[in-house]
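One structure below.
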Amino acid sequence: MMVALDGTIVAIANPAIRDDLNASFADVQWVSNAYFLALAVTLITAGKLGDRFGHRQTFLIGVTGFAAASGAIGLSGTIAAVVTFRVFQGLFGALLMPAALGVLRATFPAEKLNMAIGVWGMVIGASTAGGPILGGVLVEHVNWQSVFFINVPVGVVALLLGSLILLDHRAENAPRSFDIPGIALLSGAMFCLVWALIKAPTWGWGDARTLLFLAGSVVLFAAFSFWETKVAEPLIPLGLFRSVALSAGVVLMMLMAIAFMGGLFFVTFYLQKVHGMSPVKAGAHLLPLTGMIIIGSPIAGSAITRFGPRIPLAFGMAVTAGALCGMSTLKVDTGSGVMSLWFALLGLGLAPVMVGATEVIVGNAPLELSGVAGGLQQAGMQIGSSLGTAVLGAVMASRVDSELPGKWADAGLPKLTPDQLDKASEAVQVGVAPVTKGMPEPVVAKITAVTHDTFISSMSLASLVAAGVALFAVLVALFTKRGANAEAGAEAGVGHI
């Protein structure tokens, strides 16, 4: 919950952080980027640590470090300190997430594993979607520091309960050594990929710097793959990917994240900038999405146990595609009832995919590699989230750039210089009307109408692209199957408090 919550809750706090610490816009971007980079780059390596030293110990260390780093951020008086401790948050979060899946995999037998992952998926989905709600309440009624301080008592409770309740399951053939060159190559490849995705909206997809980092990630991934075939105990045994189901699960998790996070990103701007809602009210309008994830995840776990993952996963992505198509019809005057319908359908579609794709990945990996499998699952979701925001953001920007000049001229507004048009486009991409103080009310009204019309047209196109991704995911879901190694769960290894 803490890790997923911090992925979205901080966006609400960023403006307050900027004002309180006199930070620049670039500084505030690093508050999110530092966390995401540290988390995404180290997830698989952190999963390997859990396989080596035990998931219980790794989980408890991750919880402790994450809570401590959160408290340190709340006490920070400079933006540099905030960014530094956000890196530590990401590193400890990377220890925590795969270890949680490793503990579930080792603790629950096959017939109960899907229900356990269903509860886990419910918490992840609800925390991700609920971040803006909680963040809005805390920032509006307390302060930005409370967004981070809230993790401290949660971490203390998790540490105490985890120390008392969690069992230490160890696979007999758990890894005994570390693939240091493999860790370095994979970390470098992940960094180049994630950095390119983060910076592409600013640099441009055709910019030499973006292409250089993307090319660097390809070269490093190739070098990593070659090295893994030569080392005695590799970081990721490439034989894992001989499982078509596991590979399909990783791809499916990425596609689901593209649709989920890409869609959620633009909907928050739609609610706050087009409909003029406060962060708290906007978050409340997303409750149907959160609620359906909470309700649907355990139900999806039961359905997957009974029917296998293939049908629920394909159904979930088909419903997701339908919901995104519905969201493409949203207008300036769309009522709350219609919005709630599409948001609820989106949550209903996402729930079985969060649960089922996780079970497919973790269940098709050997028990001794459950941490690595958990790292793959989380890495797929993190990369998909970044890719969704970057690619759909590029779609939005392209549509705004093509439509704004014409709509601006049709409204009879004064012609803009190229520099003014660029700044106006950047504002319109997030639903903000490029008005200045002192403008006459009729002009403000025209600019606002053009802004909202252009933004909604662009969001509609981005939603349809996300729906296309979801439809492709339906085909990928057909290659999944029940975890071949799930039976090696609770029966394997020796458990002790």
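Counting begins at 1 with the first residue of the sequence.
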Going from CG on Leu246 to CD1 on Ile361, what distance comes out if it is rounded to the nearest 0.5 angstrom?
6.5 Å

Would you say the side-chain atoms of Thr480 pair up with the backbone N or O of Val476, donor to acceptor, closer than 3.5 Å?
no

How long is the straight-line distance from CE of Met97 back to CE of Met381, given to the nearest 0.5 Å?
7.5 Å

Polar side-chain atom of Lys199 near backbone of Val194 as donor-acceptor pair, under 3.5 Å:
no

Taking atom CZ as the centre, does Phe191 end up with more than 12 heavy-atom neighbours from other residues, nucleotides or ligands that are less than 6.0 angstrom away?
yes

Tabulate below the donor-acceptor pairs under 3.5 Å that side-chain atoms of residues 142-154 make, not counting sequence neighbours, or state none.
from	atom 1	to	atom 2	distance (Å)
Asn143	OD1	Gln145	N	3.2
Asn143	OD1	Ser146	N	2.9
Trp144	NE1	Asp20	OD2	2.9
Ser146	OG	Asn143	O	2.5
Asn151	ND2	Asp6	OD1	3.0
Asn151	ND2	Ser70	OG	3.1

Tightest non-hydrogen contact, residues Ala357 and Leu252, listed as CB-CD2, 4.3 Å

In this structure, are over 12 heavy atoms from other groups packed under 6.0 Å from Phe472 atom CZ?
no

Does the side chain of Val231 come within less than 4.5 Å of Pro181's, by heavy atoms?
no

Are side-chain heavy atoms of Leu324 and Met327 found at a separation under 4.5 Å?
yes

Please report the shortest heavy-atom distance between Leu313 and Val353, naming the atom on each side.
CD2-CA, 3.5 Å

From CD1 (Ile304) to CD (Glu359), nearest 0.5 Å:
7.0 Å

Interatomic distance, CZ@Phe224 vs CG@Leu235, rounded to 0.5 Å, equals 5.0 Å

Using only atom types and a distance under 3.5 Å, with no angle test, would you say the side chain of Gln89 pairs donor to acceptor with the backbone of Tyr35?
no

Donor-acceptor contact present, side-chain Ser297 to main-chain Ile294, <3.5 Å
no

Evaluate side chain to side chain contact (heavy atoms under 4.5 Å, CB included) for Leu167 paired with Val103, printing each intermediate quantity in order.
CA-CA 8 Å; Leu167 301 179; Val103 167; over 6 Å; no

Sub-3.5 Å donor-acceptor pair from the side chain of Glu228 to the main-chain atoms of Ile236, do we have one?
yes

On a heavy-atom basis, the closest approach of Phe213 and Cys192 is O-CB, 3.3 Å

Heavy-atom nearest pair, Ala38 first then Val87, reads CB-O, 3.5 Å

Can you list the steps and then say if Val250 with Gln377 is a side chain to side chain contact (heavy atoms under 4.5 Å, CB included)?
CA-CA 6 Å; Val250 174; Gln377 185 268 355; over 6 Å; no

Interatomic spacing from CG in Asn22 to OG1 in Thr78 - rounded to 0.5 Å
11.5 Å

May I ask you to decide if Val31's main-chain N or O and Arg86's side chain share a donor-acceptor pair within less than 3.5 Å?
yes

I'd like to know whether Leu37 forms a side chain to side chain contact (heavy atoms under 4.5 Å, CB included) with Met190, so could you lay out the CA-CA distance, the side-chain angles of the two residues, the decisive distance to 0.1 Å, and finally the verdict.
CA-CA 9 Å; Leu37 269 173; Met190 289 289 288; over 6 Å; no

Taking it one step at a time, do Val63 and Phe66 satisfy side chain to side chain contact (heavy atoms under 4.5 Å, CB included)?
CA-CA 5 Å; Val63 165; Phe66 195 94; 6.0 Å; no

Donor-acceptor pair between His285 and Ser340 side chains, under 3.5 angstrom:
no

Please report the closest heavy-atom contact between Val372 and Lys48, naming both atoms and the distance.
CG2-CD, 3.6 Å

Work out which heavy atom in Val360 is nearest to a heavy atom in Gly249; give both atom names and the distance.
CG1-CA, 4.1 Å

Is it true that, when you exclude Ile311 itself, more than 12 heavy atoms of the residues, nucleotides or ligands shown sit nearer than 6.0 Å to its CD1?
no

Has the side chain of Arg56 got a donor or acceptor atom that lies under 3.5 Å from a matching backbone atom of Ser163?
yes

Kindly state whether the ring of His275 and the ring of Tyr270 have centres lying under 6.0 angstrom apart.
yes

Please check if the number of heavy atoms outside Lys112 that lie under 6.0 Å from its NZ is greater than 12.
no

Take atom CZ of Phe36 as the centre, draw a 6.0 Å sphere, and report whether it contains more than 12 heavy atoms from other residues, nucleotides or ligands.
yes

Side-chain contact test, heavy atoms from C-beta onward, threshold under 4.5 Å: evaluate it for Met339 versus Val267 and give yes or no.
no

Measuring from Gln378:CD to Leu96:CG, what's the distance to the nearest 0.5 Å?
9.5 Å

Quick one, Trp30 and Ile79 - any side-chain contact, counting heavy atoms below 4.5 Å?
no

